[in-house]
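Atoms considered below: every heavy atom in the structure, side chains included; atoms not considered: hydrogens, waters and symmetry mates. First the proteins, then the strands, lettered A, B, ... as listed; each starts at 1.
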2 protein chains.
Amino acid sequence: MESFQEAHLLAGETCSGRLTPETCSVTRTLAFVGSKWTPLVIFRLRSGPRRYGELLQLLPGISPKTLADRLQTLEAEGLLTRTVHPDKPPRVEYALTGRGRGLSDILDAIADWAVA
Amino acid sequence: MESFQEAHLLAGETCSGRLTPETCSVTRTLAFVGSKWTPLVIFRLRSGPRRYGELLQLLPGISPKTLADRLQTLEAEGLLTRTVHPDKPPRVEYALTGRGRGLSDILDAIADWAVA
DNA sequence: CCGTATCCCTACCGATACTG
DNA sequence: CAGTATCGGTAGGGATACGG
């Protein structure tokens, strides 16, 4: 039990000493997963790879800048892959990684918790 | 499977139609759980009820205003209870609700995912 | 088609001082 | 002790126009 604490200790974070937002892996995770549109982007990629333009349509109201930002962040965090196909016109596909699917399972748990 | 989708449908949210940040229960949850210090406040309450001043000490670097704001939000969301004991000097205790513990279990899952 | 560049705005968050 | 009041900085996010 107290796995929240254990997980932090595993990550080399000190619980009895200082535990700040900057050293907390949960805070860090929520900081980018919690940014606007990010859960919906992940959700839209669960059914398979999607192109930039497709995502723009599937997420009515998002701006191109915001979508690009979310995709870059998620790629940097290793949650999705960006694949450029050498076609004309250019074709770019985004797909969840295994790690991204792992996070989407947690989003499932949150959805269940929220409606319960 | 696809419980992320199912959970949204359960909540009366339309997946095939419009799914915006404003109508997404996951986005809404992460919007306040993801705010700075919130996970750590929850973490500090897992071991039992705490007083305002105790939390202030247990969370080095947090400002009284921010702590008060987090506690009020968490109370409004039903994640903790605020109990005023009629003592002199005044004594106020905060304790996680069952729902709050449910969310802290999800934070556990996030911590595990983050270090894996 | 797939993004970037630019501008702006506001909502979050922190520091500090003060009160019931 | 347990907060509120006030002020100010900053980073996130949106609208729009433009570039490779």
Side-chain angles (χ1 to χ4, degrees), chain A residues 18-24 27-42 44-45 49-77 80-95, chain B residues 18 20-24 26-42 44-45 49-77 80-95:
Chain A
R18 284 171 182 270
L19 185 54
T20 69
E22 286 71 28
T23 62
C24 175
T27 298
R28 187 185 131 62
T29 300
L30 294 179
F32 74 86
V33 181
S35 45
K36 202 170 175 181
W37 290 104
T38 299
L40 294 179
V41 170
I42 294 173
R44 289 307 190 183
L45 288 173
R50 294 287 184 186
R51 303 177 59 175
Y52 180 84
E54 284 181 305
L55 290 171
L56 217 47
Q57 291 180 357
L58 288 169
L59 301 167
I62 199 173
S63 71
K65 171 192 166 185
T66 298
L67 177 57
D69 177 71
R70 294 305 173 274
L71 292 171
Q72 287 171 11
T73 300
L74 290 172
E75 187 190 9
E77 296 288 340
L80 59 78
T81 57
R82 178 179 184 273
T83 307
V84 182
H85 299 271
D87 302 354
K88 284 190 65 169
R91 190 163 62 93
V92 179
E93 279 193 334
Y94 296 90
Chain B
R18 283 170 185 272
T20 68
E22 287 71 28
T23 63
C24 173
V26 175
T27 297
R28 187 186 130 63
T29 301
L30 294 180
F32 74 86
V33 182
S35 45
K36 203 171 175 181
W37 291 105
T38 299
L40 294 179
V41 170
I42 295 172
R44 289 307 189 182
L45 288 173
R50 293 286 185 188
R51 302 176 60 173
Y52 179 84
E54 285 182 304
L55 291 170
L56 217 48
Q57 291 179 356
L58 288 169
L59 301 167
I62 198 174
S63 73
K65 174 193 166 186
T66 299
L67 177 57
D69 178 70
R70 295 304 173 273
L71 291 171
Q72 287 171 11
T73 300
L74 289 172
E75 187 190 9
E77 295 289 340
L80 58 78
T81 57
R82 178 180 184 272
T83 307
V84 182
H85 298 273
D87 302 354
K88 283 191 65 167
R91 190 162 63 92
V92 179
E93 279 193 335
Y94 296 90

Considering just the side-chain nitrogens and oxygens of [X], establish if one lies under 4.0 Å of OP1 or OP2 belonging to [N].
| X | N | answer |
| --- | --- | --- |
| A:R51 | C:dC1 | no |
| A:S63 | D:dA15 | no |
| A:T66 | D:dG13 | no |
| A:W37 | D:dG12 | no |

In this structure, how many angstroms lie between the [atom2] atom of [N] and the [atom1] atom of [X], rounded?
| X | N | atom1 | atom2 | result |
| --- | --- | --- | --- | --- |
| B:D69 | C:dC12 | CG | P | 8 Å |
| A:L59 | C:dC2 | CG | P | 14 Å |
| B:E93 | D:dA2 | CD | C1' | 13 Å |
| A:R50 | C:dG3 | CZ | P | 16 Å |
| B:K88 | D:dC1 | NZ | C1' | 12 Å |
| A:Q57 | C:dG3 | CD | C1' | 15 Å |
| A:R91 | C:dC1 | CZ | P | 13 Å |
| B:I62 | C:dT16 | CD1 | C1' | 16 Å |

Quiz prompt | Gap separating the OH atom of B:Y94 from the CD1 atom of B:I42, nearest 0.5 angstrom | solution =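 Answer rounded to 0.5 Å: 14.5 Å.
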Self-check item: Distance (rounded to the nearest 0.5 Å) between A:R70 CZ and A:L67 CG
Solution: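 Reported value, rounded in 0.5 Å steps: 9.0 Å.
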Scan [X] against the nucleic acid and name what it touches under 4.0 Å (heavy atoms): base, sugar-phosphate only, or nothing.
| X | answer |
| --- | --- |
| B:E54 | nothing |
| B:Q72 | sugar-phosphate |
| A:K65 | base |
| A:Y94 | sugar-phosphate |

Quiz item: Quick one: does A:K36's side chain get under 4.5 Å of A:T66's, heavy atoms only?
Solution: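 They are not in side-chain contact.
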Quiz item: With respect to B:L40, which candidate in B:I62, B:L45, B:L55, B:L59 satisfies the side-chain contact (heavy atoms from CB on, under 4.5 Å) definition?
Solution: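 In the set B:I62, B:L45, B:L55, B:L59, the residue that makes a side-chain contact (heavy atoms from CB on, under 4.5 Å) with B:L40 is B:L59.
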Could you please name the option among [options] that lies closest to any side-chain atom of [X]?
| X | options | result |
| --- | --- | --- |
| A:K36 | C:dC13, D:dG13, C:dG3 | D:dG13 |
| B:S35 | D:dG3, C:dT4, C:dC13 | C:dC13 |
| A:R82 | D:dG14, C:dC2, D:dA17 | C:dC2 |

Practice problem: Kindly write out the residues that satisfy salt bridge (Lys or Arg N to Asp or Glu O under 4.0 Å) with A:E75, not counting sequence neighbours, or none if the list is empty. | Solution: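 Applying salt bridge (Lys or Arg N to Asp or Glu O under 4.0 Å) to A:E75 gives none.
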